[in-house]
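Residue numbers start from 1 in every chain, and the chains themselves are labelled A, B, ... in the order their sequence lines are given, proteins ahead of strands.
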Amino acid sequence: MSEKTITRFAPSPTGYLHIGGARTALFNWLYAKHTGGKFLLRIEDTDQARSTEGAILAILDGLRWLGLEWDGEPIYQLARSERHREIAERLLAEGKAYRCYASPEELVAMRERARAEGRAPGYDGTWRDRDPSEAPSAVTPAIRFKAPREGETIIEDRVQGHVTFANKDLDDLVILRSDGSPTYNLSVVVDDHDMGITHVIRGDDHLTNAARQTQIYKALGWLTPAFAHVPLIHGPDGAKLSKRHGALGVEAYREMGYLPVALRNYLVRLGWSHGDAEIISTKEMIEWFDLDAIGRSPARFDFVKLENLNGHYLRSMSDREIVSQLKSLVPHLPDGAALGARIGEDGWSKLEQAMPGLKERAKTLVELLHNAEFLFVSRPVELDTQARKLLDETGKKILTQLMPRIESVEPWESAALETCVRQFAKETDIKLGKAAQPLRAALTGKTTSPGIFEVLEVLGRDESLARIKDHTNATKSA
RNA sequence: GCCCCCUUCGUCUAGUGGUCAGGACGUCAGGUUUUCAACCUGAAAACAGGGGUUCGAUCCCCCUAGGGGGCACCA
């Protein structure tokens, strides 16, 4: 039996693709790639009240951005309702399901009663054996699955292991609503079966569903897929992931300046490991990924580690590649239009030129852009508080002395400029920093920046000299 | 309330019936240095608690505590 692996990611489009979903998608994608199988996408849009077109687009977009391309066309669950209904009818015809005439009010009362008596709040099976002739004519019935009452249902989970549920704890769930629409657990079983899914990898919030679904598979005489229920991701405080933490859509991570490659690396290590490996290329992930190495305990989301990883990948990328990443990122930024205008045509090449110094210092693309701001500002450069302190009388005096020397540097390259300034420092018997810092302040308006000689070179002779003059002239007039 | 799952440094994790319990991020201390990063060196830092089983348990079993998930005519 050498059937191909088929996995799927099945989000419900009621919001963006959040980080937990992204990891689930990644695991499914990796497992499919690892085994040379297929990774399918199914949109579970049967909750018509909550599903939106926008959410679908956000999910597809998020997956593409993360680099998780699916095979074939996405399957829309809603479009398959007829098939689901057909299976529900089949179950009914085979006596494996029955019509339930209980009204919503009766169900509520039933639950309250159960609660009061300390029993599970499930359906009590009133209509399971009741004679259909007693059915109230005014009520259109829902169809309930006739779940086994004795024995147990066992899940052989690839992550959670051998999990046993007592059948008495699993009630008769509705598979077809009174309006004729199928419900989740039936749809999932039918779709996974029809799509030929061999491995269901999903969050462990579905573990109980796996038991119910297993019962349906059995009633239908279908083989169950392999299950792998992955522990959920928690927020930094251990509580459920909220918007405050990381339950943001992946587009939010994009806007924060994270790289897909870094996010994949971070996510794959959340709950999965391969010995001591930390920096893992996508190729290695595919090669190494397996269900057996997925951990059973939930993980907390740690932005700091994500940042570290992102910085690592940023540093290892080519200057050109980063520029192209930035070009596609800027339009997605909140103030993107303005920033894009400020950068202009000229800015991109300056950015690439300054990239060696910039990428060393940034953890995210956004931070990098922020640090590159000095390239785009127009004269006179505005000084921040710290920079102003550096350009005190002493600082300005040094710059004034240094000015003519710099002016004569030829060619205008960082090495030559460095030689010049070092020479100056030596001759005037000051530390290099005493000259470099005021220079930095005058050129960038800040106290931190890439190496000052690179800054001079990238800014160019005219701009650099002008920026310095802006601040030395002030000395004379003062 | 009932059912299910989980528990190794602050965090992500490796690990074995006998290990100095390993790595990474972070932290701290040095080094390098024109700033900030990066980088290098070093340090502190964990087997939730209690019972067993065993010559010996972090590892196997039970209990407790804590955390998480699930109990819809939502998905």
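- Considering only residues two or more places apart in sequence or on other chains, A:His84 meets the ring pair (Phe, Tyr, Trp, His ring centres under 6.0 Å) condition with none of them.
- When the salt bridge (Lys or Arg N to Asp or Glu O under 4.0 Å) test is applied to A:Lys350, no partner is found at least two apart in sequence or on another chain.
- Atom pair A:Ile154:CD1 and B:C4:C1' shows a separation of 14 Å (rounding to whole Å applied).
- Across all strands shown, B:C40 is found opposite B:G30 as a Watson-Crick or G-U wobble partner, with both distances under 3.5 Å.
- A:Thr164 comes within 4.0 angstrom of sugar-phosphate atoms only, judged by non-hydrogen atoms across all strands, and of no base.
- Nucleotide B:G23 holds its P atom 17 Å from the CD1 atom of A:Ile280, rounded to whole Å.
- Residue-level contact check: A:Ala102 touches the bases, meaning some heavy atom is under 4.0 Å from a base atom.
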(message) What does the B/S/- profile of nucleotides 27-49 of chain B look like, 5' to 3', with a 4.0 Å heavy-atom cutoff to protein?
(response) -------BBBBSS----------
(message) Could you go through A:Gln215 and A:Asn167, starting from their C-alpha distance and side-chain angles, then the distance that decides it, and tell me whether this counts as side-chain contact (heavy atoms from CB on, under 4.5 Å)?
(response) CA-CA 9 Å; A:Gln215 296 181 335; A:Asn167 286 338; 3.1 Å; yes
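- Residues passing the side-chain contact (heavy atoms from CB on, under 4.5 Å) test with A:Ser12, sequence neighbours excluded: A:Thr14, A:Glu44.
- Summarising the geometry, the separation between CG on A:Asp276 and P on B:G15 is reported as 9 Å, rounded to the nearest angstrom.
- Comparing B:U8 with B:G23, their C1' atoms sit 13 Å apart, to the nearest whole Å.
- Among pairs with a residue in residues 354-377 of chain A, none fulfils ring-ring contact (aromatic ring centres under 6.0 Å, His included), at least two apart in sequence or across chains.
- Heavy-atom distances to RNA chain B give each of A:Ser178 and A:Gly275 a nearest nucleotide, and the one nearer the 5′ end belongs to A:Gly275.
- Taking atom NE2 on A:His274 and atom C1' on B:G22, their separation rounds to 15 Å, with Å as the unit.
- If you check every strand for non-hydrogen atoms under 4.0 Å, A:Ala299 touches sugar and phosphate atoms only.
- The gap from the C1' atom of B:U53 to that of B:C3 amounts to 30 Å, rounded to the nearest Å.
- At the heavy-atom level, A:Asn209 lies under 4.0 Å from base atoms of the strands shown.
- Partner assigned to B:C59 is none, using Watson-Crick or G-U wobble distances below 3.5 angstrom.
- The CG-P distance, from A:Asp179 to B:C73, rounds to 13 Å in whole Å.
- For the C1' atoms, the distance from B:C60 to B:G17 is 9 Å, rounded to whole Å.
- The existence of a salt bridge linking A:Glu463 and A:Arg467 is confirmed by a sub-4.0 Å separation between a basic side-chain nitrogen and an acidic carboxylate oxygen.
- A 4.5 Å side-chain heavy-atom check between A:Leu66 and A:Leu26 finds every atom pair outside the cut-off.
- Scanning for side-chain contact (heavy atoms from CB on, under 4.5 Å) contacts around A:Asp302 gives A:Tyr266, A:Val304, A:Lys305, with sequence neighbours left out.
- Under the 6.0 Å cut-off for aromatic ring centres, A:Phe289 and A:Trp272 qualify, their centroids lying closer than that.
- Side-chain atoms of A:Phe165 lie closest to B:C4 of the nucleotides B:C6, B:G23, B:C4.
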(request) Take nucleotides 64-69 of chain B nucleotide by nucleotide from the 5' end and write B, S or -, depending on whether a protein heavy atom sits under 4.0 Å from the base, only from the sugar-phosphate, or from neither. (result) ----SS
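- For A:Gln48 and B:C73, the CD to P distance is 18 Å, given to the nearest whole Å.
- When distances run from any side-chain atom of A:Arg269 to the nucleotides B:C73, B:C4, B:U13, the shortest one goes to B:U13.
- Pair check for B:A45 finds none; no Watson-Crick or G-U wobble contact set falls under 3.5 Å.
- At B:A75, one or more side-chain N or O atoms of A:Thr46 fall inside 4.0 Å of OP1 or OP2 (strictly under the cut-off).
- Rounded to a whole angstrom, the distance from the C1' atom of B:A57 to that of B:G18 is 9 Å.
- Across the protein-nucleic acid pair, A:Asp47 atom CG and B:A72 atom P stand 16 Å apart, rounded to whole Å.
- Residue-level contact check: A:Arg50 touches the bases, meaning some heavy atom is under 4.0 Å from a base atom.
- Comparing B:C6 with B:U13, their C1' atoms are spaced 15 Å from each other, to the whole Å.
- Across all strands shown, nothing is found opposite B:C20 as a Watson-Crick or G-U wobble partner with both distances under 3.5 Å.
- The listed nucleotides are B:C5, B:A24, B:A75; the one nearest the side chain of A:Gln77 is B:A75.
- Here the C1' atom of nucleotide B:C61 and the NE2 atom of A:His162 are 16 Å apart, to the nearest Å.
- Checking B:G1 for Watson-Crick or G-U wobble geometry (two distances, each under 3.5 Å) identifies B:C71 as its partner.
- Taking A:His199 as the reference, A:Tyr31 meet the ring pair (Phe, Tyr, Trp, His ring centres under 6.0 Å) condition, with sequence neighbours excluded.
- Partner A:His229 forms a side chain to side chain donor-acceptor pair (under 3.5 Å) with one of A:Arg158, A:His206, A:Arg202 and no other, that one being A:Arg202.
- Rounded to a whole angstrom, the distance from the P atom of B:G70 to that of B:A75 is 15 Å.
- B:G49 and B:A44 are spaced 25 Å apart, taking the C1' atom of each and rounding to whole Å.
- Sorted by first and then second residue, the salt bridge (Lys or Arg N to Asp or Glu O under 4.0 Å) pairs with a member in residues 144-153 of chain A form an empty list; sequence neighbours excluded.
- Across all strands shown, B:G10 pairs with B:C25; the Watson-Crick or G-U wobble distances both stay below 3.5 Å.
- Rounded to a whole angstrom, the distance from the P atom of B:A48 to that of B:C40 is 32 Å.
- Comparing B:C73, B:C6, B:C12 against the side chain of A:Glu278 picks out B:C12 as the nearest.
- Where A:Gly271 and A:Gln160 meet RNA chain B, the nucleotide closest to each residue was compared, and A:Gln160 sits on the side nearer the 5' end.
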